[in-house]
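Just so it is clear, the values below take in all heavy atoms, side chains as well, and ignore hydrogens, waters and symmetry mates. Chain letters run A, B, ... following the sequence lines, proteins first, then strands; residues in each count from 1.
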Amino acid sequence: MSEASQAETFVFLDLEATGLPDVDPEIAEISLFAIHRSSLKHPERDEAGVPVLPRVLDKLTLCMSPTRPFTAKASEITGLSAEGLAQCRKAGFDGNVARTLRAFLGRQAGPLCLVAHNGFDYDFPLLRTELQRQGAHLPPDTVCLDTLPALRGLDRAHGHATRAQGRRSYSLGSLFRRYFQAEPRAAHSAEGDVHTLLLVFLHRAAELLAWADEQARRWAHIAPMYNPPAAPGLEA
DNA sequence: TGCCAGGCCCTCTTTAGGGCCTT
């Protein structure tokens with residue numbers, strides 16, 4: 001990214017869905033935390049050295065009923081099921097969800113940078129699929145940061161040789177445990193994982209902000225995970 | 001029929017294989 005197009009707001013997000021990409025999953029829960037760049041630059045830390053979440057923080061978390069069942073593994077780790085969501089009378093990822101997302105993002109100062117862990121391979125393509133299903137779009141200057149390749153790349157650049165330390169895991173939970181010697185809370189709820197992601201980001205905020213400025217990808221260049229059939233009422 | 005993501009990264013590599021990472 002050029003200096004002129006530096007992201008002003010970072011939107012940390014996580015999806016819970018019906019499975020992995022091989023089953024053409026649908027989103028069942030989405031959580032987004034929007035934080036202005038100024039609140040990320042110099043994060044405060046508590047007495048244990050763990051970053052404290054910025055006080056000025058917009059949150060949005062939504063559950064929705066998928067049209068297809070969860071894989072057994074997805075249901076096991078998320079605690080969600082199509083039956084449970086339907087019983088709570090949650091609508092699917094419909095036009096209302098798309099408009100709510102747009103409204104949430106629209107009230108943040110742009111340009112926006114979406115942040116997700118393994119986002120390039122999972123969250124961003126799946127979100128694009130669901131938005132495409134609704135004929136919805138994000139602000140055209142939106143960019144994306146994936147903390148998985150970013151943190152691997154930063155460690156490589158800093159000479160944290162994996163050979164010397166053994167192959168280190170870069171799963172979100174492993175990063176949290178490595179940085180803070182504690183268990184992440186509420187793993188595999190969308191909001192819990194965004195909370196974990198944000199603390200991991202804050203631990204290395206200066207480096208990741210610089211990485212985002214240089215290497216964030218344009219949302220327009222994110223391909224959908226799969227091409228969904230058009231939603232009812234959106235057929236040509 | 002039988003299979004089923006896939007890009008990235010590491011190493012017992014490079015004429016390849018296997019595991020990670022997301023649900």
Visitor: Verify the neighbour count for atom CD of A:Glu8: are there more than 12 heavy atoms of other residues, nucleotides or ligands below 6.0 Å?
Guide: yes

Visitor: Using a 4.0 Å heavy-atom cut-off across all strands, classify A:Asp24 as base, sugar-phosphate, or nothing.
Guide: nothing

Visitor: Which value, in whole Å, describes the distance between the P atoms of nucleotides B:dA16 and B:dG2?
Guide: 29 Å

Visitor: OP1 or OP2 of B:dC20 versus the side-chain N and O atoms of A:Ser169: is any pair under 4.0 Å?
Guide: no

Visitor: By nearest heavy atom, map A:Thr18 and A:Asp121 onto DNA chain B; which one lands nearer the 5' end?
Guide: A:Asp121

Visitor: Measure from CZ on A:Arg217 to P on B:dG7 and round the result to the nearest Å.
Guide: 11 Å

Visitor: Between B:dT22, B:dC21, B:dT23, which nucleotide has the shortest distance from any of its atoms to the side chain of A:Glu16?
Guide: B:dT23

Visitor: Should A:Arg168 and A:Asp155 count as an ion pair when the cut-off is N to O under 4.0 Å?
Guide: yes

Visitor: Among B:dC10, B:dC21, B:dA5, which nucleotide sits nearest the side chain of A:Asn118?
Guide: B:dC21

Visitor: What is the separation between atom CD on A:Glu29 and atom C1' on B:dT22, rounded to the nearest whole Å?
Guide: 15 Å

Visitor: Could you tell me whether A:Leu126 contacts a base, only the sugar-phosphate backbone, or nothing, with contacts defined as non-hydrogen atoms closer than 4.0 Å?
Guide: nothing

Visitor: Using a cut-off of less than 4.0 Å, is there contact between a side-chain N or O of A:Arg152 and OP1 or OP2 of B:dC8?
Guide: no

Visitor: Mark yes when over 12 heavy atoms from residues, nucleotides or ligands other than A:Arg185 sit less than 6.0 Å from its CZ; otherwise mark no.
Guide: no

Visitor: Assign the ring pair A:Phe201 / A:Phe10 to parallel, tilted or perpendicular, where the plane angle (0 to 90°) is split at 30° and 60°.
Guide: tilted

Visitor: Pick the P atom in B:dC3 and in B:dG7, then give their distance to the nearest Å.
Guide: 22 Å

Visitor: For A:Arg168 and B:dC9, give me the distance from atom CZ to atom P, rounded to whole Å.
Guide: 15 Å

Visitor: Which whole-number value in Å describes the distance from A:Ile30 CD1 to B:dT22 C1'?
Guide: 15 Å

Visitor: Looking only at side-chain atoms of A:Ala74, point me to the closest of B:dC21, B:dT23, B:dC9.
Guide: B:dT23

Visitor: Rounded to the nearest angstrom, tell me the gap between atom CZ in A:Phe124 and atom P in B:dG7.
Guide: 17 Å

Visitor: Could you tell me if A:Glu26 and A:Thr67 have a donor-acceptor pair between their side chains, going purely by distance under 3.5 Å?
Guide: yes

Visitor: Return the value, rounded to whole Å, for the distance between atom NE2 of A:His117 and atom P of B:dC21.
Guide: 7 Å

Visitor: Say you pick atom C1' in B:dA5 and the same atom in B:dT23; how far apart are they, in whole Å?
Guide: 12 Å

Visitor: Between B:dC4 and B:dC9, how far apart are the C1' atoms? Round to whole Å, please.
Guide: 23 Å

Visitor: Provide the distance between the two P atoms, one in B:dG18 and one in B:dT13, to the nearest whole Å.
Guide: 13 Å

Visitor: For A:Leu53 and A:His195, which heavy atoms make the closest approach, and how far apart are they?
Guide: CD2-CD2, 3.5 Å

Visitor: Tell me which of A:Pro149 and A:Val23 sits closer to the 5' end of DNA chain B, going by the nucleotide each one is nearest to.
Guide: A:Val23

Visitor: Roughly how many Å is it from CG in A:Leu13 to P in B:dT22, rounded to a whole number?
Guide: 14 Å

Visitor: How far does the P atom of B:dC20 sit from the matching atom of B:dT15, given to the nearest Å?
Guide: 25 Å

Visitor: Can you see if the side chain of A:His188 gets near the phosphate of B:dT23 - specifically, an N or O under 4.0 Å from OP1 or OP2?
Guide: yes

Visitor: If we take the P atom in both B:dG19 and B:dC12, what is their distance in whole Å?
Guide: 14 Å

Visitor: Do A:Tyr179 side-chain atoms and A:Val200 backbone N/O form a donor-acceptor pair below 3.5 Å?
Guide: no

Visitor: Measure the distance from CE on A:Met225 to C1' on B:dT22 and round it to the nearest whole Å.
Guide: 8 Å

Visitor: Side chain of A:Leu20: nearest nucleotide among B:dC21, B:dC9, B:dA5?
Guide: B:dA5

Visitor: So what does A:Asp123 hit on the nucleic acid, given a heavy-atom distance under 4.0 Å: a base, only sugar-phosphate, or nothing?
Guide: nothing

